[in-house]
Amino acid sequence: MPANLPPQYYELEREFKAEKDIREKLRMAQELLRIMPKHKGTTHLQADMKTKISNLKKEIEGGEQTHGARQAQAHDFIEREGVGQIILIGAPNSGKSSLVDTLTNAKPLVADYPYTTREPSTGMMAYETVRIQLIDTPPISDELFENYMSGLIRNATIVVLVCDLEAKTMADDLKFILAKLEEKRIILLPEVEEKPDDPKYCYKKMILCAHKSFEDEDGQKREKLKEMFPGFTMLSTSIIDDESMDIFRKTIFEALKIMRVYTKPVGKEADFKDPIILPIGSNVEQAAEELHKDFAKKLKFAKIWGEGKFDGQRVQSDFVLTDGDIVEFHI
Ligand SMILES: Nc1nc2c(ncn2[C@@H]2O[C@H](COP(=O)(O)OP(=O)(O)OP(=O)(O)O)[C@@H](O)[C@H]2O)c(=O)[nH]1
Ligand SMILES: [Mg+2]
């Protein structure tokens with residue numbers, strides 16, 4: 001029986017064979033299996049691809065456990081902690097590490113010369129009752145692009161592009177970074193509303209940090225950035241401007257499009273330490289499910305406290321919650 005594979009398959013297979021980066025290769029193999037028509041004619045092909053996937057996984061795991069040349073592979077995936085993973089990228093000396101240093105408990109190396117950061121590192125940024133993970137990265141320039149950067153960016157929730165207002169070459173540096181990522185099939189957008197038609201591509205939300213704001217007194221550099229990046233959220237930041245750091249935290253939290261719902265046991269005080277994290281627009285049932293699947297099934301009603309509600313308002317499971325609501329579940 002003929003396999004009858006779509007042309008898209010052959011194209012991706014060619015790229016799969018040429019790809020050197022094993023994580024990228026694994027991603028492609030999984031995609032090949034996904035788009036492969038599932039019928040008798042492809043049984044062998046399916047089995048073959050499953051073996052390739054399994055071998056690639058083993059190779060990646062092996063690489064993470066051993067030292068030396070293979071260790072670089074370990075950098076292209078960082079386990080997410082907190083409510084979102086934000087990756088800071090930018091040209092050398094743009095201030096990525098300084099931002100992570102100021103906004104988190106981490107102490108990355110900061111220096112007034114380029115190429116200070118050699119490896120990615122993380123720190124946790126507090127915003128009110130939640131923690132958001134920031135990743136500091138080595139710079140991207142025509143002299144350096146660490147291969148693991150593609151994997152890290154693909155895996156992150158949001159990209160923050162740190163733009164150095166002090167650098168004379170700012171515009172060219174940024175153009176280079178965007179072109180480099182496009183070459184890696186990563187497209188940075190003001191908002192991601194849909195998946196790309198071509199599964200080899202990755203769309204990622206990006207926020208701009210017009211950084212070292214005091215070095216751009218007349219605001220000309222920021223005008224240039226707005227021109228270059230229409231529609232993108234742009235923050236003016238400086239590590240010595242606390243207000244700009246607070247705005248950074250709040251903007252990132254809002255960009256994650258999540259909300260915090262606090263639970264309250266019947267007859268007791270609400271727990272403000274450990275909120276349930278849900279996508280904006282979730283309802284009471286989804287909040288209950290987050291606690292426990294059975295809990296949602298047994299739910300009779302809930303009582304709500306929060307903005308725009310009567311205290312202790314009785315609601316049903318389809319009631320849509322908002323950030324900061326307190327919920328008392330009744331089962
Ligand atoms: N004026 C000003 N300088 C800053 C600011 N943030 C960082 N810097 C300076 O910029 C220089 C580079 O800072 P880093 O944080 O090391 O920059 P980086 O982007 O991590 O650099 P690489 O690791 O080499 O890519 C240092 O001299 C910092 O003190 C800022 O808000 N304003
Ligand atoms: Mg650095």
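The figures here come from the full heavy-atom set of this structure, side chains too, leaving out hydrogens, waters and symmetry mates.
Under a 3.5 Å cut-off, the side chain of Thr102 and the backbone N or O of Ser98 do form a donor-acceptor pair. Although no hydrogens or angles enter the test, the distance criterion places a donor-acceptor pair under 3.5 Å between the side chain of Thr137 and the main chain of Leu88. Put simply, the side chain of Glu254 never gets that close to the backbone of Thr251: no donor and acceptor are under 3.5 Å apart. Judged purely by atom type and a 3.5 angstrom limit, Thr157 uses its side chain to pair as donor or acceptor with the backbone of Gln85.
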Before you tell me yes or no, could you show the steps for Thr51 and Asn55 under side chain to side chain contact (heavy atoms under 4.5 Å, CB included), namely the whole-Å CA-CA distance, both residues' side-chain angles and the distance that decides it to 0.1 Å? CA-CA 6 Å; Thr51 312; Asn55 288 341; 3.9 Å; yes
Thr169 and Asp173: CA distance, side-chain angles, deciding distance, side chain to side chain donor-acceptor pair (under 3.5 Å) verdict: CA-CA 6 Å; Thr169 53; Asp173 293 347; 2.8 Å; yes
Apply the test side chain to side chain contact (heavy atoms under 4.5 Å, CB included) to residues Lys204 and Leu188: give CA-CA distance (whole Å), side-chain angles for both, the deciding distance (0.1 Å), then the verdict. CA-CA 5 Å; Lys204 199 54 70 178; Leu188 302 171; 3.9 Å; yes
Decide side chain to side chain contact (heavy atoms under 4.5 Å, CB included) for Glu24 and Arg185; before the verdict, give the C-alpha distance in whole Å, the side-chain angles of both, and the deciding distance to 0.1 Å. CA-CA 11 Å; Glu24 191 69 2; Arg185 304 195 190 94; 4.1 Å; yes
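Within the structure, ring pair (Phe, Tyr, Trp, His ring centres under 6.0 Å) contacts touching residues 169-197 (residues at least two apart or in different chains) do not occur. Sorted by first then second residue, the ring pair (Phe, Tyr, Trp, His ring centres under 6.0 Å) pairs that include residues 216-245, not counting sequence neighbours, are Phe229-Phe232. Residue pairs meeting the ring pair (Phe, Tyr, Trp, His ring centres under 6.0 Å) criterion with at least one member in residues 190-218: none, sequence neighbours excluded. Contacts classified as salt bridge (charged side-chain N to carboxylate O under 4.0 Å, His left out) and involving residues 83-99 (residues at least two apart or in different chains) are not found. Within the structure, ring pair (Phe, Tyr, Trp, His ring centres under 6.0 Å) pairs that include any residue of residues 112-140 comprise Tyr127-Phe253 (at least two apart or interchain).
The side chain to side chain donor-acceptor pair (under 3.5 Å) check on Asp216 picks up Arg222, with sequence neighbours excluded. Applying the ring-ring contact (aromatic ring centres under 6.0 Å, His included) test to Phe16 and every residue at least two apart in sequence or in another chain returns nothing. With sequence neighbours excluded, the residues satisfying side chain to side chain donor-acceptor pair (under 3.5 Å) with Tyr262 are Thr129. For Glu285, there are no side chain to side chain donor-acceptor pair (under 3.5 Å) partners at least two apart in sequence or on another chain.
Of all the heavy atoms in Leu174 and Met228, the pair that sits closest is CB-CE, 4.1 Å. Nearest heavy atoms, Leu5 versus Pro37: CD2-CD, 3.6 Å. For the residue pair Glu79 and Gln133, the shortest heavy atom distance occurs at O-NE2, 3.3 Å.
Each of Ile140 and Val162 belongs to its own hydrophobic cluster when Ile, Leu, Val, Met, Phe, Trp and Tyr are linked at side-chain heavy-atom distances under 4.5 angstrom. The hydrophobic clustering, which links ILVMFWY residues whose side-chain heavy atoms are closer than 4.5 Å, places Ile78 and Leu181 together. Residues Leu32 and Ile53 share a single hydrophobic cluster, defined by chaining ILVMFWY side chains whose heavy atoms lie under 4.5 Å apart.
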Which donor-acceptor pairs under 3.5 Å do side chains of residues 318-331 form with protein atoms, sequence neighbours excluded?
unit_1: Thr322; atom_1: OG1; unit_2: Lys309; atom_2: NZ; d: 2.8
unit_1: Thr322; atom_1: OG1; unit_2: Asp325; atom_2: OD1; d: 3.3
unit_1: Thr322; atom_1: OG1; unit_2: Asp325; atom_2: OD2; d: 3.3
unit_1: Asp323; atom_1: OD1; unit_2: Arg260; atom_2: N; d: 2.7
unit_1: Asp323; atom_1: OD1; unit_2: Arg260; atom_2: NE; d: 3.1
unit_1: Asp323; atom_1: OD2; unit_2: Arg260; atom_2: NH2; d: 2.7
unit_1: Asp325; atom_1: OD1; unit_2: Lys309; atom_2: NZ; d: 2.8
unit_1: Asp325; atom_1: OD2; unit_2: Lys309; atom_2: NZ; d: 2.9
unit_1: Asp325; atom_1: OD2; unit_2: Thr322; atom_2: N; d: 2.8
unit_1: Glu328; atom_1: OE1; unit_2: His330; atom_2: NE2; d: 2.7
unit_1: Glu328; atom_1: OE2; unit_2: Lys264; atom_2: NZ; d: 2.6

Please table the atom pairs, donor to acceptor, closer than 3.5 Å between any side-chain atom in residues 297-306 and protein atoms at least two apart or in another chain.
none

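For Arg27 and Glu31, the salt-bridge test fails: no basic side-chain N is under 4.0 Å from an acidic carboxylate O. Glu11 and Arg14 are not joined by a salt bridge, as no carboxylate oxygen comes within less than 4.0 angstrom of a charged side-chain nitrogen.
Using a 4.5 Å cut-off between side-chain heavy atoms of Ile, Leu, Val, Met, Phe, Trp and Tyr, Phe310 forms no hydrophobic cluster with any other residue.
Summarising the local packing, CD of Glu183 is surrounded by more than 12 heavy atoms from other residues, nucleotides or ligands at distances under 6.0 Å.
When only modelled atom types and interatomic distance are considered, Asp136 and Ser97 share a side-chain donor-acceptor pair under 3.5 Å.
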